[in-house]
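Labels below follow one simple rule: chain letters A, B, ... track the order of the sequence lines, proteins then strands, and each chain is numbered from 1. The structure displayed is predicted, hence computed values, not measured ones.
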There are 2 protein chains.
Amino acid sequence: MAQLRPGPNLSRIATSLGVSVATVSNALSGKGRVSEQLVGKIREHAAELGYVPSQAGRALRTGRSGVLGLVLPDIANPLFPKIAQAIEFAAASAGYGVLIADSRGNVSAQTEAINRLVERGVDGLVIVPRRATRISAASCPVAVIDTASTPGNTVAADHWQGGQLIAAHLADLGHKRILIIGNNPESNVQNDRAGGIRSGLCPGMSAETLWIEKLEHQAGSGCPLGLARKVGEGFTAFAALSDLQALRVLTELQRDGIHVPAQASVTGFDDLIWSAVVTPALTTVKMDMDAIAEIAVSALVKNIKTSSTREGALVTAEKDRVPMQLIIRQSSAPANPVQEHLQMENS
Amino acid sequence: MAQLRPGPNLSRIATSLGVSVATVSNALSGKGRVSEQLVGKIREHAAELGYVPSQAGRALRTGRSGVLGLVLPDIANPLFPKIAQAIEFAAASAGYGVLIADSRGNVSAQTEAINRLVERGVDGLVIVPRRATRISAASCPVAVIDTASTPGNTVAADHWQGGQLIAAHLADLGHKRILIIGNNPESNVQNDRAGGIRSGLCPGMSAETLWIEKLEHQAGSGCPLGLARKVGEGFTAFAALSDLQALRVLTELQRDGIHVPAQASVTGFDDLIWSAVVTPALTTVKMDMDAIAEIAVSALVKNIKTSSTREGALVTAEKDRVPMQLIIRQSSAPANPVQEHLQMENS
DNA sequence: CTGAAAGCGCTTACAG
DNA sequence: CTGAAAGCGCTTACAG
């Protein structure tokens, strides 16, 4: 049988150096009590040989794979890149790999995705759940990222506070009538954001909410939202509950000859890739994904290292709310001369 | 020491059934020659017990982890969701898991990411390279996804042909002067697309290329591109080399009072999430990511199963070019009454 | 400070 | 058709 892993293993280093594998293992891991000089010699030799420890061997022995699973409701979601990047970074920093699984489609696909990951032996799971799914305890520690309203949630952006930032910003700009625009009345995230906006309104301000239908991505753009008419009715600010909807709002207004921000302000959420690219650039509220990922991963890792059984439960200790941050861009500049002047200069 | 994996293992099933582990293993894998009835009994019992094979044990024994690595130049890239989703699906269908790594930043980060994955014991690697990186042969099979112009490339969308689709579409619409808009003259992908467009022009048509600077995502929108002036100069079609740039073009034109598509057509590439959402919806050219992923993964899997050594090289046998597909939406409807009528009806 | 030994769970020739 | 045995590479008590 061919040598499957061409690289050297512990015993090759051991024999080559005339010591035992146990000593090599201890020297390399820094755990056992090995003499300084021997440690040096062993490490040097290992490096020379280009030794790479076998994850399989280690995993079999320790019962830990060193891998975390990431389950997403829909990888095609535009927020995904940021989540994945942040989780991957946090995991890599903690010495873990990240296995992905897409629960595209329904809830049963989510369960399947979780199972696939568990079968691959992940030590823990980061789950961004679909709608308001309750995650039935998997057989490993689980961290859930969504909103405070989600049962079993561990950590999330403070969407409510994010909404308040939008409200305060629009108040500063002097807006009185706000139209909140979402596409999913069932979404915890969107409800938190909308609630935050309403709770943050100042006296004299009012808000209505418009739930628009979800677009089929293939089908081309849906019905016009009639936003120009809303401007006619006196709405001057459109607060979308996601940048994707903000984009829809912005382009429809522009197409219908409404000038943004001179005639109406548009704001979004999430600071998605295009928010800085469109003209005018979108004012938005950003999650601190790196912080969220860091909290989720470290909670998971702590749990993994603590409990010696793999029987996992939700890592619920924390329940962190990570504050969001307002990013002011041109789409919500106030429609007064001073601001317009400034805006022209830096555009 | 606590039982790390709570689940049953082969020997538990074996003793519980009074047979040998070898027989259980053979029955479950369907490889060995085990009597029909015994196979049935064993499988049934395994299912009852909720047996999940240990990947670690299997990996250690076989030298294969059953995991593929996916290396991306920048996970924050908006194309990433589609790539990841497609690769994950293709891999899962072939019985493989997908470990991700982000080579954010420079080329050395890419090498590091590859090493991290190799150290985790991936059986093969799917790499979307940065710029024109040459992938130095890693110690496992590698499939590279980029363009035909990329050295060592295995499979990619036919970006050139995609460009030709755009050219033919604009020709059909009666456009004469085309402005091609890209942001990276070094990019193989963008050059292929631009070349395809130019090569597909009909007699009487002409194209110029405008390379715009890359936006810093944080910095807010960059300088205006002066597109309205280009309309004044007689350009009637703006062919962006990616939907992100198309979005920038579309919103700037609209902000400056140019009506799309009445006064100018706008097209993009990639069918990114927002292309169907904006008003007017973007005409674009779509990659068949599922096909690309399927080809890359199956080439990898074939190579993994064939070669018994893990010494991998680039899986270069195929060199497939997967055709792209034109998706016509409102942003490039011709500016004649008939079309405008149709457009109103289905909008 | 160092080493001999056991064992994690699996698969695969080989023998019966 | 079935089983006994070896061994993948590692870590961890335990003994010296």
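Going from atom CG of B/Leu38 over to atom P of D/dT2 covers 5 Å, rounded to whole Å. Straight-line distance from the CD atom of B/Glu119 to the C1' atom of D/dG9: 16 Å, rounded to whole Å. Taking atom CG of residue B/Leu10 and atom C1' of nucleotide D/dA4, one finds them 15 Å apart after rounding to whole Å. One can place CZ of A/Arg61 at 17 Å from P of D/dC8, the figure rounded to the nearest angstrom. Between A/Arg58 atom CZ and D/dC8 atom C1' there is a gap of 16 Å when expressed in whole angstrom units.
Applying the side chain to side chain donor-acceptor pair (under 3.5 Å) test to B/Arg116 and every residue at least two apart in sequence or in another chain returns A/Glu88.
The backbone N or O of A/Ser25 lies less than 3.5 Å from a partner atom in the side chain of A/Ser29, making a donor-acceptor pair. A/Asp123 places no side-chain N or O within donor-acceptor distance of the main-chain N or O of A/Leu68, the cut-off being under 3.5 Å.
For A/Ser35, the listed nucleotide lying nearest its side chain is C/dC1; candidates were D/dT2, C/dC1, D/dG9.
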Base-pair string, DNA chain C, Watson-Crick plus G-U, cut-off 3.5 Å on both distances, | for inter-strand, is |||.||||||||.|||
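A sub-4.0 Å separation between OP1 or OP2 of D/dG3 and a side-chain N or O of B/Thr23 is present. Regarding contacts with the backbone of C/dC10, every side-chain N or O of B/Ser54 stays at 4.0 angstrom or more from both OP1 and OP2.
The residue B/Ala56 sits apart from the nucleic acid: no heavy atom pair falls under 4.0 Å.
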Please tabulate, for the side chains in residues 37-46 of chain A, all donor-acceptor contacts under 3.5 angstrom to protein atoms that are two or more places apart in sequence or on a different chain.
from    : atom 1 : to      : atom 2 : distance (Å)
A/Arg43 : NE     : A/Ala27 : O      : 3.4
A/Arg43 : NH2    : A/Ala27 : O      : 3.0
A/His45 : NE2    : A/Ser16 : OG     : 2.6

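Sparse packing is recorded around CZ of A/Phe89, with 12 or fewer heavy atoms of other residues, nucleotides or ligands lying under 6.0 Å away.
In this structure, the separation between OG1 on A/Thr15 and CG on A/Asn9 is 8.0 Å, given to the nearest 0.5 Å.
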